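Inspection log for the structure reproduced underneath, given as structure tokens.
FYI, side chains are in, hydrogens and waters are out, and symmetry mates aren't considered; it's all heavy atoms of this structure. Only a predicted model underlies this, so the values are computations on that prediction, with no experimental measurement involved. Residue numbers run from 1 in the order of the sequence given.
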Amino acid sequence: MKVTTTANEGFLLDVGGQLEMVRPVVTPTLLRNDERIDVTAGSLTQARETLKGLKRKYPKVDIEAMLARAESRRSYATGAINIDLSFGGPLSGRSVVKSALALAHYAGLPIEQCGDAVSYLRKTDAEPCFRFYDDDDLVDGRPPAMPLHCVAIDANPATGLILGYVEYFGIHRIVVCLGRDYVCNRLQSVYALDPRTGGQVQVAVHIDLDAEDIRAIYRPDGALAQGNQLVAGATVGSWKPEPHRH
């Protein structure tokens, strides 16, 4: 992911926190009888490609000799990294509901029983059937400091609700009301993964909410921003970028 620091430095940030140079830096310096060229690159491969390009302008450039004199150094970014944690856009809500509805269908739940979700997806003026939820951590067995992706559903005849839970990067946590008046056997399903590796993660999700809880969630009270900062801190608070090599 491309990132820009507060010192206006551009880097590529990989999943392990390693910073890489976006592009090589070529600095020509005029001397009395000659011209000196300094090249700073993120790797020997990148340096070689840069020198090949320079050779077209400076035919006397000896690529192998310059690479033999290359020095490897590590340094830290001067400024702090700006990372935008905002969520989606105008259609992001429908994407959330589709994810929960897809898992419900995969688990064997008839789509016609998910009336709230179907109405929201099909009618442009329908009320959203989801809200961000940071009051409690519904995920049991959460791996520490993992930017977890998770989708879960819970169809509960005791409450009559078919609820979904969707989480992105361990930060954006959303409860979805897929349907109501559910009377069949309780049906639960969870799918979670580590987006850094694509590997599936075994966790449990307890969406033990009733109709009153859902009504309370649907009433925004301004606590979202603070709650979102807390869960973001729990996920990335102890994570520090690694130095970049050049």
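When side chains are defined from C-beta on, T40 does not count as touching P24, because their heavy atoms never get closer than 4.5 Å. No side-chain heavy atom of K2 sits less than 4.5 Å from a side-chain heavy atom of F11. For the pair V151/Y165, no side-chain contact is recorded, criterion being any heavy-atom separation below 4.5 Å from C-beta on.
A salt bridge does not link E64 to R69: none of the charged side-chain nitrogens sits closer than 4.0 Å to a carboxylate oxygen.
When the salt bridge (charged side-chain N to carboxylate O under 4.0 Å, His left out) test is applied to D38, the partners found at least two apart in sequence or on another chain are R36. Applying the salt bridge (charged side-chain N to carboxylate O under 4.0 Å, His left out) rule to K55 yields no partners; only residues at least two apart in sequence or on another chain are considered.
A side-chain donor-acceptor contact under 3.5 Å links T6 to the backbone of A80. Looking only at distances, a side-chain donor or acceptor of Y182 sits under 3.5 Å from a matching main-chain atom of N185.
Both tests pass for R94 against the ring of Y120: distance under 6.0 Å to the centre and angle within 45° of the axis.
The residue from D136, D135, D137 that alone fulfils the side chain to side chain donor-acceptor pair (under 3.5 Å) condition with Y133 is D136. For the side chain to side chain contact (heavy atoms under 4.5 Å, CB included) with H206, the qualifying choice from D140, D154, L138, V139 is D140, the only one to do so.
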Legend entry - Intermediate values then yes/no, side chain to side chain donor-acceptor pair (under 3.5 Å), E9 and T4: CA-CA 5 Å; E9 305 161 290; T4 303; over 6 Å; no
